[in-house]
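So the structure is just underneath, and the comments pick up after that.
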2 protein chains.
Amino acid sequence: MKPTIKDIAKEAHVSVTTVSRVLSNKNNSNSDKTSKKVRKIAQQLGYRKNTSAVELVTRTSNVLAVILTATHTNFSDEIIAGIQDQAYKNGLDVIISYAGENNAHRQFQSIKTIIERSVKGILLLALELDEKSRQLLIQSKIPYVFLSLANDKKMPFISSNDFQIGYQATKYLIDKGHKKIGLAGLDDKSFMGKQRISGYKKALSDNKLKLDSEWITTGLFTYQDGLNSMKHYGKRPQVTGVVANSDLVGVGILNQARKFGVKVPRDLAIISIDGTGLCQIVHPQLTSITQSFYEMGINGVNFLLNSKEPRRLSKFTSIKIEEREST
Amino acid sequence: MKPTIKDIAKEAHVSVTTVSRVLSNKNNSNSDKTSKKVRKIAQQLGYRKNTSAVELVTRTSNVLAVILTATHTNFSDEIIAGIQDQAYKNGLDVIISYAGENNAHRQFQSIKTIIERSVKGILLLALELDEKSRQLLIQSKIPYVFLSLANDKKMPFISSNDFQIGYQATKYLIDKGHKKIGLAGLDDKSFMGKQRISGYKKALSDNKLKLDSEWITTGLFTYQDGLNSMKHYGKRPQVTGVVANSDLVGVGILNQARKFGVKVPRDLAIISIDGTGLCQIVHPQLTSITQSFYEMGINGVNFLLNSKEPRRLSKFTSIKIEEREST
DNA sequence: AACAGTATTGCAATCGGTTACAAATGGTGT
DNA sequence: ACACCATTTGTAACCGATTGCAATACTGTT
């Protein structure tokens with residue numbers, strides 16, 4: 001049987017109270033001698049705290065939960081790194097749960113499991129919640145924050161400003177002299193997609209450029225969507241520049257362009273949104289609007305730690321343009 | 001305050017025992033009428049089980065823990081997908097903890113945290129444990145299994161047969177007519193590295209080919225190691241074929257070769273070990289020894305579920321060669 | 001030596017569930 | 001009406017920690 005504080009208490013001829021105080025570092029009130037003795041015996045017995053018991057009695061837990069989709073958002077690693085680092089600094093543990101992809105049931109299950117562990121906070125990564133899961137989450141009263149995906153439901157989030165992303169990316173190509181600019185691979189049903197489209201349109205109209213709705217291709221930010229977009233633009237592309245809505249889309253466009261014999265950047269300029277490592281290992285390297293994913297993770301944790309009462313939050317992290325070889 | 005079974009009991013005019021039985025589906029012994037009533041009230045009150053309490057009293061948990069490094073992450077997604085799917089089928093929850101990269105302290109911390117939650121089993125992904133962490137893990141008596149990384153310490157693992165990987169990859173190039181074959185980017189200190197080197201050497205000697213130790217470059221399976229390896233091989237490469245020890249290494253070699261004006265596969269053939277999606281989105285697409293990562297995840301979970309008493313396991317999952325454009 | 005004041009320690013209740021065992025209830029056959 | 005057994009329900013102990021409060025042990029002062 002695994003040793004408990006009772007065993008230690010017996011061995012050390014003290015009460016469990018004393019053992020508990022020593023082992024949870026309330027050392028302001030125990031003598032050095034006793035502390036040392038208790039710690040030594042705990043060590044000898046190979047004692048491990050039972051977290052369930054602690055959480056039960058203290059009614060708190062020092063765990064942050066991250067929920068993400070399995071959809072291969074290749075930037076989630078960066079966000080998670082930020083979360084982990086910041087959590088670690090604050091003595092918190094992190095547990096991660098994959099909610100399947102677009103599987104409402106699994107999503108619900110995942111959130112339910114998390115809630116039943118009464119974690120300290122929940123970070124939702126690039127996750128679009130269906131209504132039922134959303135109710136569950138709100139009802140739980142556990143602080144939460146969406147990362148990387150904003151939303152229009154008045155739920156707290158930290159993300160890039162997607163209007164700005166759409167605007168800046170487009171503006172960048174305009175400044176390079178392009179007049180026919182595509183926007184590829186985004187989900188025009190999502191809040192994020194709408195924002196980017198608005199930014200894109202605004203940049204065009206601000207510069208007195210007309211827009212052809214054929215230039216916008218929809219999708220779910222995947223590699224395949226990139227290929228499809230390029231096929232749509234054609235061998236003699238109807239656009240001279242394109243804003244790829246994820247790095248994978250960018251690479252897809254790039255590869256299909258190569259197949260078509262369309263030279264990048266000579267015949268087609270590409271600017272890719274995200275700026276993950278992928279941009280640098282393809283050829284030509286992709287110019288990108290780089291998001292501050294790591295920072296999103298950091299900020300997300302900070303927000304949860306300071307939110308005693310549920311409060312509103314809409315925070316944008318910075319974006320920057322990194323020019324590489326595709327423009 | 002969050003409702004407990006006591007609240008439900010009061011509301012339903014039954015005892016907590018009854019509520020507990022209903023809500024944990026021991027319905028073999030409760031009347032339908034009571035069950036329905038209890039469930040309805042639980043629903044109304046927005047009741048959520050307190051997992052800590054359950055785990056405390058039952059002394060079990062239905063959680064599997066995954067520990068991984070931040071390092072060679074580009075195949076861990078596949079393994080995790082396998083783990084998740086299989087865990088889900090068995091009604092288990094999965095929590096994931098990143099142990100930092102090569103940070104012994106963080107590794108130890110991570111394992112300690114997991115153990116204190118007394119999970120049902122631990123899956124260690126591509127993780128090389130230092131001695132202290134290893135002791136802790138063994139001492140905990142919790143079933144565990146290493147995935148993707150074999151080891152010589154008599155600890156259970158599921159991985160590919162790295163000797164075979166080294167052998168097959170080399171043999172493949174030999175069959176293509178290559179006589180000077182490099183082995184790039186592996187850690188020759190690790191068990192895995194040693195196995196691959198043995199396989200590589202055996203394939204050469206079986207075919208009466210001599211070996212030049214300059215052809216083996218060491219590293220930690222990173223993109224940068226790929227670049228370095230190619231720089232080492234030179235503009236007029238001393239090898240005509242190379243076995244890249246990870247997809248990232250393969251891409252690194254590819255890109256540096258392009259910079260050198262070395263044409264792949266004409267001047268240099270590349271076969272890459274892992275076979276993740278990356279192989280298909282670079283140009284030319286990389287031929288690969290593809291590992292069964294998803295299957296590793298499945299098998300890992302199954303092993304943990306069947307291991308009442310800690311037992312030995314050395315299981316190899318299948319590998320296959322997928323020919324693409326780089327050879 | 002007595003006493004106040006402070007530093008340590010221990011008692012016992014508590015967190016929210018589960019479960020062995022006992023008690024109550026209900027149905028059946030005679 | 002009663003014995004008998006099966007079904008359903010309840011009582012109370014327990015899991016392993018934390019913590020308010022009371023009890024005890026020390027310390028220095030007069």
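Letters A, B, ... mirror the listed sequences (proteins, then strands); counts begin at 1.
The CD1-C1' distance, from B/I5 to D/dA12, rounds to 13 Å in whole Å. Whole-Å rounding puts the B/E55 CD to D/dC15 C1' distance at 12 Å. Put simply, CG on A/N25 is 15 Å from C1' on D/dA17, counting in whole angstrom units. Between B/L23 atom CG and C/dT19 atom C1' the separation is 16 Å, expressed in whole Å. Taking atom CD1 of A/I8 as the reference point, atom P of D/dG16 lies 12 Å away to the nearest angstrom. Between the CG atom of A/L56 and the P atom of C/dT14 there is a distance of 14 Å, rounded to whole Å. When the C1' atom of D/dT7 is taken as reference, atom NZ of B/K33 falls 13 Å away, rounded to whole Å. We find that CG of B/N50 is positioned 8 Å from C1' of C/dC15, with the value rounded to whole Å.
OP1 or OP2 of D/dT18 sits under 4.0 Å from a side-chain N or O of A/S20. For C/dT9, the OP1/OP2 oxygens have a side-chain nitrogen or oxygen of A/S31 closer than 4.0 Å. A sub-4.0 Å separation between OP1 or OP2 of D/dT9 and a side-chain N or O of B/T34 is present. At D/dG16, none of the side-chain N or O atoms of A/T4 fall inside 4.0 Å of OP1 or OP2 (strictly under the cut-off). Not one side-chain nitrogen or oxygen of A/N30 sits closer than 4.0 Å to the OP1 or OP2 atom of C/dA7. Taking 4.0 angstrom as the limit, B/K49 places a side-chain polar atom (N or O) nearer than this to OP1 or OP2 of C/dT18.
At a cut-off of 3.5 angstrom, counting only N and O atoms as typed in the model, there is a donor on one side and an acceptor on the other between the side-chain of B/T17 and the base of D/dT11. Checked by distance alone, B/T58 brings no side-chain donor or acceptor within 3.5 Å of a matching partner on the base of D/dC15. The base of D/dG10 lies close enough to the side chain of B/R21 for a donor and an acceptor atom to sit less than 3.5 Å apart. Scanning atom types as modelled, no donor and acceptor separated by under 3.5 angstrom connect the side chain of B/R59 and the base of D/dG16.
When distances run from any side-chain atom of A/V14 to the nucleotides D/dG16, C/dG10, C/dT18, the shortest one goes to C/dG10.
With rounding to the nearest 0.5 angstrom, the CD atom of A/Q107 is 8.0 Å from the CD1 atom of A/I67. Put simply, CZ on B/R39 and OG1 on B/T34 are 11.0 Å apart, with the number rounded to the nearest 0.5 Å.
Nearest-nucleotide positions on DNA chain C for B/T18 and B/S52 put B/S52 closer to the 5' end. Taking the nucleotide of DNA chain D with the nearest heavy atom to each of B/H13 and A/V57, the more 5' of the two is matched to B/H13.
A salt bridge links A/R106 to B/D85: at least one charged side-chain nitrogen sits closer than 4.0 Å to a carboxylate oxygen.
Annotation: cation-pi geometry not satisfied between A/K315 and A/F303 (NZ/CZ under 6.0 angstrom from ring centroid, within 45° of ring axis).
A tilted orientation is assigned to the rings of A/F157 and A/F316, their planes being inclined by 30° to 60°.
Remark: side-chain polar atoms of A/T51 are paired, donor with acceptor, to backbone N or O of B/E116 under 3.5 angstrom.
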